[in-house]
Asker: 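Below is a structure I'd like to ask you about.
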Protein chains: 2
Amino acid sequence: MNSRRRELDKIDRNILRVLQEEGRISFTELGERVGLSTTPCTERVRRLEREGVITGYYARLDPQFLKANLLVFVEISLSYKSGDIFEEFRRAALRLPNVLECHLVSGDFDYLIKARISEMASYRKLLGSTLLTLPHVRESKSYIVMEEVKETLSLPVPD
Amino acid sequence: MNSRRRELDKIDRNILRVLQEEGRISFTELGERVGLSTTPCTERVRRLEREGVITGYYARLDPQFLKANLLVFVEISLSYKSGDIFEEFRRAALRLPNVLECHLVSGDFDYLIKARISEMASYRKLLGSTLLTLPHVRESKSYIVMEEVKETLSLPVPD
DNA sequence: AGTGAAACCTATACAGG
DNA sequence: CCTGTATAGGTTTCACT
């Protein structure tokens with residue numbers, strides 16, 4: 001999956017730039033955009049998928065319509081720091097569908113979690129009935145997002 | 001764009017569940033999955049797009065291949081808290097391509113930023129030459145991600 | 001709101017430079 | 001690694017239910 005790869009050329013990089021923003025574009029139109037006919041364009045995309053540069057295609061939904069209009073970040077400290085406990089926590093976090101992101105960080109706390117929940121269910125419920133059911137949580141601190149200035153997946157593709 | 005909408009029915013919700021995970025699926029196959037022929041399936045998807053439930057389709061790229069293998073969260077406090085200063089900060093953050101997310105939060109600091117940068121360029125450069133060039137930053141605190149346990153866009157679609 | 005069929009466009013495979 | 005062509009498959013429109 002992660003075969004050794006030579007450098008991405010200019011055309012590859014343009015393909016990636018377009019697909020990051022228009023994930024459903026046809027290979028015919030994508031080819032026109034990057035100056036290629038359909039055949040080699042499709043082949044390049046398949047190769048980028050095979051090599052793991054493109055990891056998938058996703059529709060994005062507006063949380064407003066899905067009872068998930070409250071965005072919260074939670075900093076979590078675990079009570080003990082053995083490998084087993086981290087592993088147990090990891091697995092539990094993966095199973096919570098409201099948790100969009102979970103990262104092990106270095107610094108004042110252990111995990112940073114990003115979750116989307118409904119305003120109604122009030123975020124105390126997330127904390128009380130889900131996040132704090134995560135194993136070995138010693139302490140948590142949460143931050144409610146007042147305004148989402150920017151949220152993208154698009155990585156800058158270097159020249 | 002955000003027309004008033006009646007509830008999403010069971011088929012709509014299944015369409016959304018599939019498209020969140022397989023953004024390039026054909027409408028023919030999507031129809032089969034949700035028990036519909038191609039025509040009404042396409043029409044429902046177009047309607048969900050028009051109404052703003054589906055906001056776009058995106059390819060996801062592996063940061064490893066794009067010199068962006070270091071993930072960092074930065075908490076930022078502004079020096080003054082007038083509306084102009086928030087607006088100025090907002091606009092500057094939007095222009096930085098390495099900043100994937102920027103949120104105004106309530107709590108101990110003002111903005112939480114998520115950025116991806118190269119390990120080489122070391123993250124001091126992000127801080128020194130980009131983030132701290134953001135206007136009116138009084139203080140910042142950053143957290144380097146050691147392990148990405150989970151990172152998804154997929155929202156749970158309620159029944 | 002749905003089906004099914006026809007016309008059109010896109011994708012895939014393959015011959016050739 | 002590209003172009004061009006043929007065939008298969010997907011999309012769009014429309015008449016009908």
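Heavy atoms only: backbone and side chains are in, while hydrogens, waters and symmetry mates are out. Letters A, B, ... are given to chains in the order of the sequence lines, protein chains preceding strands, and every chain is numbered from 1. Keep in mind that what you see is a predicted model, and the values were worked out from it rather than measured.
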Asker: State which residues pass side chain to side chain donor-acceptor pair (under 3.5 Å) with R46(B); sequence neighbours excluded, sorted by chain then number.
Answerer: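 Expected list: E49(B).
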Asker: Figure out the CG/P separation between D9(B) and dA1(C), and round it to whole Å.
Answerer: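 Checked: the CG to P distance equals 8 Å.
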Asker: Does the pair R44(B)/D9(B) count as a salt bridge with the N-to-O cut at 4.0 Å?
Answerer: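 Here R44(B) pairs with D9(B) in a salt bridge, since their nearest N and O are under 4.0 Å apart.
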Asker: Give, ordered by number, those residues of residues 28-45 of chain B having at least one heavy-atom distance below 4.0 Å to an atom of DNA chain D; if nothing qualifies, reply none.
Answerer: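 Within this stretch, T28(B), T38(B), T39(B), T42(B) sit under 4.0 Å of the strand.
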Asker: Contacts to DNA chain C from residues 14-21 of chain A, heavy-atom cutoff under 4.0 Å, which residues?
Answerer: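 Heavy-atom cutoff 4.0 Å gives no residues at all.
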Asker: For residues N69(B) and Q64(B), is any side-chain donor paired with an opposing acceptor at under 3.5 Å?
Answerer: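 No.
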Asker: Between R24(A) and F27(B), is NZ or CZ placed under 6.0 angstrom from the six-membered ring centre and within 45° of the ring axis?
Answerer: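 Ring-cation test returns yes.
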Asker: Does this structure show an ion pair linking D159(A) with R17(A), if we count only N-O contacts that are shorter than 4.0 Å?
Answerer: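 Between R17(A) and D159(A) there is a salt bridge, with a charged N closer than 4.0 Å to a carboxylate O.
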Asker: Do R60(A) and Y58(B) have side chains that get closer than 4.5 Å, going by heavy atoms?
Answerer: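 Sidechains of Y58(B) and R60(A): in contact.
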Asker: Checking F89(A) against Y111(A) for the ring pair (Phe, Tyr, Trp, His ring centres under 6.0 Å) test, could you report, in this order, the C-alpha distance in whole Å, the side-chain angles of both residues, the deciding distance, and whether it holds?
Answerer: CA-CA 9 Å; F89(A) 180 89; Y111(A) 285 97; 4.4 Å; yes
Asker: Flag the pair E147(B) and R90(A) as a salt bridge only when some basic side-chain nitrogen lies within less than 4.0 angstrom of an acidic carboxylate oxygen.
Answerer: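 Yes, charged N to carboxylate O under 4.0 Å.
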Asker: What's the CG-C1' distance between D12(B) and dA1(C), to the nearest Å?
Answerer: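 The distance from CG of D12(B) to C1' of dA1(C) comes to 12 Å, rounded to the nearest Å.
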Asker: Can you tell me the distance, in whole Å, between the CD1 atom of I25(A) and the C1' atom of dT11(D)?
Answerer: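 For the pair I25(A) CD1 and dT11(D) C1', the rounded distance is 16 Å.
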Asker: Starting at CZ of R24(B) and ending at P of dT11(D), how long is that distance when rounded to a whole Å?
Answerer: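 After rounding, the gap between these two atoms is 10 Å.
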Asker: Is there a side-chain polar atom (N or O) of R46(B) under 4.0 Å from OP1 or OP2 of dT12(D)?
Answerer: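 Answer yes for this pair, as a side-chain N or O of R46(B) is under 4.0 Å from OP1 or OP2.
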